[in-house]
K.L.:
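One structure is given below, represented as structure tokens, and several questions about it will come after.
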Amino acid sequence: MKQVIEGVAFDNLTLDEAVCAGAELVRSSGFHYVVTPNPEFILLARQDPEFLRLLNGADLTIPDGIGVIYAAKLLGRPLKGRVPGIDFASDLMAALEQSGGARVYLLGAKPGVAEEAMANLSARYPGLTFCGCGDGYFKDDAEAARRVGEGAPDLLLVCLGAPKQEKWMAAHGPETGAHLAIGLGGALDVYAGRVERAPERWQKLGLEWLYRLKKEPRRIGRMARLPLFLLGVAARRLTERDRKAGRGPEEG
Ligand code: UDP
């Protein structure tokens, strides 16, 4: 069942459940895509109705950011837990390896990064076939899709940042012949070993965002909007309660 948080309909699944659903999509016919929204996506979608439509048109929508989990709690519609996109992709690749293998294509990041990621992932998942890769700074969207199609992938990781990756996946994903595409932001930088993920301790405390801020202080502008997002959610929740109770906001 979907849980709507600030206009975005999330699948309420644990990581393991999401991986099972993803593996089924890889094995089914036709093209499917997964989105991994965090609060930044939700804020972007408020300004961009096409982006919102694409998020809600995904086959699987998993809550990547701890901010989404807090917002869901504040709204009284809790989600089972955070499902980081990169954990979802890693566990899905492990599951596909276990169940007979799959062809995987890596698209995105700066020139050279996808190659490094591919070398690392080939070593980590020897039972998968990494059938090609390309950087994320292409000029011709359709040509990029054609090149992906030459690899005949089952699974495609699209790491162009939001909303570019969702727009590209929805428009050109079907042309690639892949069964499943996942929009994964900066995941190739992590798989390439160029960006370090927060240690597990920080992840468990829901502080991955703080670790990232420590490593990349230039993100402060982007991240400063997140507390405001949660304050907005809390204020809306209180207003809704007052309305339901038949009280005006001035009556407290
Ligand atoms: N990127 C890309 N093409 C573009 C813009 C960005 O391939 O036109 C890549 C960028 O190099 C980075 C990723 O997209 O690897 C976006 O990373 P970001 O940290 O913004 O995403 P997040 O992990 O925060 O979702």
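Quick caveat: nothing in here was measured; it's all calculated off a predicted structure.
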K.L.:
Check side-chain contact (heavy atoms from CB on, under 4.5 Å) between A142 and all other residues, then give those that pass, not counting sequence neighbours.
P.N.:
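Once residues adjacent in sequence are excluded, the partners of A142 under the side-chain contact (heavy atoms from CB on, under 4.5 Å) criterion are D140, H172, E175.
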K.L.:
Can you get from L107 to I182 by hopping between Ile, Leu, Val, Met, Phe, Trp and Tyr side chains that sit under 4.5 Å apart?
P.N.:
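No, because L107 and I182 fall into different hydrophobic clusters, even though each may have its own neighbours under 4.5 Å.
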K.L.:
Rounded at 0.5 Å granularity, tell me how far CG in L155 sits from OG1 in T129.
P.N.:
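Taking CG in L155 and OG1 in T129, the distance rounds to 12.0 Å.
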K.L.:
Please collect all salt bridge (Lys or Arg N to Asp or Glu O under 4.0 Å) contacts where either partner lies in residues 204-215, sequence neighbours excluded, each pair once.
P.N.:
R82-E208, E196-K215, R197-E208, E200-K204, R212-E216
K.L.:
Starting at CG of N12, measure out to CZ of R77 and round the result to the nearest 0.5 Å.
P.N.:
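Nearest 0.5 Å value for the CG-CZ distance: 11.5 Å.
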K.L.:
On a heavy-atom basis, which atom in L184 and which in A89 lie closest, and how many Å separate them?
P.N.:
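Looking at all heavy atoms of both residues, the shortest contact is CD1-CB, 3.5 Å.
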K.L.:
For residues 111-121, which residue pairs pass the salt bridge (Lys or Arg N to Asp or Glu O under 4.0 Å) check, not counting sequence neighbours?
P.N.:
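Sorted result for residues 111-121: E116-R194.
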K.L.:
Check A178 against F31 and note the closest heavy-atom contact, atom names and distance.
P.N.:
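Closest pair (atom of A178, atom of F31, distance): O-CD1, 3.4 Å.
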K.L.:
Applying the 4.5 Å side-chain criterion to the ILVMFWY set and letting contacts propagate, would L156 and Y125 be lumped into a single cluster?
P.N.:
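Each belongs to a different hydrophobic cluster.
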K.L.:
Going by side chain to side chain donor-acceptor pair (under 3.5 Å), name the residues that satisfy it together with E97, two or more places apart in sequence or in a different chain.
P.N.:
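Not a single residue meets the side chain to side chain donor-acceptor pair (under 3.5 Å) criterion with E97.
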K.L.:
Does anything in residues 30-40 pair up under salt bridge (Lys or Arg N to Asp or Glu O under 4.0 Å), and if so which pairs, sequence neighbours excluded?
P.N.:
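Counting only pairs at least two positions apart or across chains, the salt bridge (Lys or Arg N to Asp or Glu O under 4.0 Å) contacts touching residues 30-40 are E40-R222.
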K.L.:
For Y33, give me all partners under side chain to side chain donor-acceptor pair (under 3.5 Å), at least two apart in sequence or on another chain.
P.N.:
none
K.L.:
Which salt bridge (Lys or Arg N to Asp or Glu O under 4.0 Å) pairs, counting each pair once, include a residue from residues 153-167, with sequence neighbours left out?
P.N.:
D48-K167, E50-K167
K.L.:
Using a cut-off of 6.0 Å, state whether more than 12 heavy atoms not belonging to W209 lie near its atom CH2.
P.N.:
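No - once you tally the heavy atoms of other residues, nucleotides and ligands closer than 6.0 Å, there are 12 at most.
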K.L.:
With a 4.5 Å limit on heavy-atom distance, are the side chains of R27 and L96 in contact?
P.N.:
yes
K.L.:
Should V148 and L157 be counted in the same cluster of Ile, Leu, Val, Met, Phe, Trp and Tyr side chains packed under 4.5 Å apart?
P.N.:
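Per the 4.5 Å side-chain linkage, V148 and L157 are not co-clustered.
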K.L.:
Can you list the residues that meet the side chain to side chain donor-acceptor pair (under 3.5 Å) rule with R225, with sequence neighbours excluded?
P.N.:
none
K.L.:
Identify the residue among L79, L75, V68 that makes a side-chain contact (heavy atoms from CB on, under 4.5 Å) with Q3.
P.N.:
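Running side-chain contact (heavy atoms from CB on, under 4.5 Å) over L79, L75, V68 with Q3 returns exactly one hit, L79.
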K.L.:
Suppose we screen for side-chain contact (heavy atoms from CB on, under 4.5 Å). Which residues come up paired with Y70, at least two apart in sequence or across chains?
P.N.:
I66, L230
K.L.:
What residues, two or more places apart in sequence or in another chain, satisfy side chain to side chain donor-acceptor pair (under 3.5 Å) together with N120?
P.N.:
none
K.L.:
How are the rings of W202 and Y211 set relative to one another: parallel (under 30°), tilted (30 to 60°) or perpendicular (over 60°)?
P.N.:
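W202 and Y211: perpendicular rings.
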K.L.:
Applying the 4.5 Å side-chain criterion to the ILVMFWY set and letting contacts propagate, would L44 and W168 be lumped into a single cluster?
P.N.:
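Yes.
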K.L.:
Using the rule that two of Ile, Leu, Val, Met, Phe, Trp, Tyr join whenever any of their side-chain heavy atoms come within less than 4.5 Å, decide whether L25 and V19 are in one cluster.
P.N.:
yes
K.L.:
Which heavy atom in G185 sits nearest to a heavy atom in C159, and how many Å separate them?
P.N.:
O-CB, 3.0 Å
K.L.:
Take atom CD in Q98; do more than 12 heavy atoms of anything else shown fall under 6.0 Å from it?
P.N.:
no
K.L.:
For K2, I'd like to know if atom NZ has over 12 heavy atoms of other residues, nucleotides or ligands within 6.0 Å.
P.N.:
yes
K.L.:
Taking all non-hydrogen atoms of both residues, which atom of A181 and which atom of M169 are closest, and how far apart?
P.N.:
CB-SD, 3.6 Å
K.L.:
Going from CG on D135 to CG on L188, what distance comes out if it is rounded to the nearest 0.5 angstrom?
P.N.:
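So the gap between those two atoms works out to 10.5 Å.
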K.L.:
Are a donor atom and an acceptor atom from the side chains of T176 and R146 found within less than 3.5 Å of each other?
P.N.:
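Distance-only check fails for T176 and R146.
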K.L.:
side-chain contact (heavy atoms from CB on, under 4.5 Å) with P37: which residues, sequence neighbours excluded?
P.N.:
V8, F10, V35, F41, L55, T61
K.L.:
Quick one: list whatever passes side-chain contact (heavy atoms from CB on, under 4.5 Å) with K110, sequence neighbours left out.
P.N.:
V113, Y137
